[in-house]
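We count ligands from 1, going down the list as the structure has it; atoms in each ligand are counted the same way.
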Amino acid sequence: MSLWKKGSAAVLAGLLIGGLAPEVDARPKRGDQIPNGSVLGCAACHVDPNGGGPRNVFGQMIGQNFLTAAGFAGDVVWGPELAKLDADGDGFTNGQELGDPDGTWKAGDPAPGTAEEVTSPWDAESRPPEATPTAAESSTWGKIKSLVQRVLE
Ligand SMILES: [Ca+2]
C-alpha cells in the first residue's frame with residue numbers, strides 16, 4: 001500500500017470513527033423530543049427507519065426551522081408552531097398525528113394520547129381515523145344536510 005493510500009485510509013477511518021459515529025449515536029435523542037417519538041422511532045424524521053441519511057418531509061421541516069442549532073447538537077423545538085403545521089399535507093396537523101394537537105407536550109412528559117392513535121406526519125396516506133359520524137349525521141336528513149353544506153362551500 002502506498003503512503004498516499006495509507007494516509008487516505010487513515011483519514012477515512014478517522015472520519016468514520018470520529019466524524020460519523022458520534023452523529024449516529026447522538027441523534028436518537030431527538031426521538032424523545034417529539035410527542036410519541038418512541039412510537040415512530042427514527043422513521044419520524046428519516047426515510048431510513050434505522051435513522052441517518054435523507055429526511056422525510058417532517059424531518060426536513062424540523063431540520064429547516066425547528067432545531068435549536070444546526071447539526072447533530074441541535075434539539076427539536078416542539079411546540080404550538082410545529083404542531084399546527086401539516087408536513088405531509090394530508091389535512092391533519094403534525095400535532096394531531098402525534099397526539100398533541102396544541103403542541104403543549106414537553107420533552108420528559110408522558111406521551112400524550114395512545115400509541116395506537118399515532119399516525120405518520122410524513123406520510124399523507126397515514127392519517128388519524130375520521131371521526132365516527134353521530135347517529136344524527138348518519139340519518140337521511142344528516143346526509144342531505146351534509147350534501148347541501150358541500151354544495152354551498
Ligand atoms: Ca400523515
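Looking at every heavy atom in both residues, Asp100 comes nearest to Ala83 through O-CB, 3.8 Å.
Shortest distance from the Ca ion (ligand 1) to Asp88 is reached at OD2 (N/O/S atoms only). Take the N/O/S atoms of Asp123: the one nearest the Ca ion (ligand 1) is O.
Using a cut-off of 3.0 Å, one finds that Asp90 contributes an N/O/S atom close to the Ca ion (ligand 1).
A side-chain donor-acceptor contact under 3.5 Å links Asp86 to the backbone of Gly91. For the pair Arg55 (side chain) and Met61 (backbone), a donor-acceptor distance under 3.5 Å is absent. In this structure, Asn56 contributes its side chain and Ala43 its backbone to a donor-acceptor pair below 3.5 Å.
Between O of Ser126 and O of Ser120, the angle at the Ca ion (ligand 1) works out to 100°, rounded to 10 degrees.
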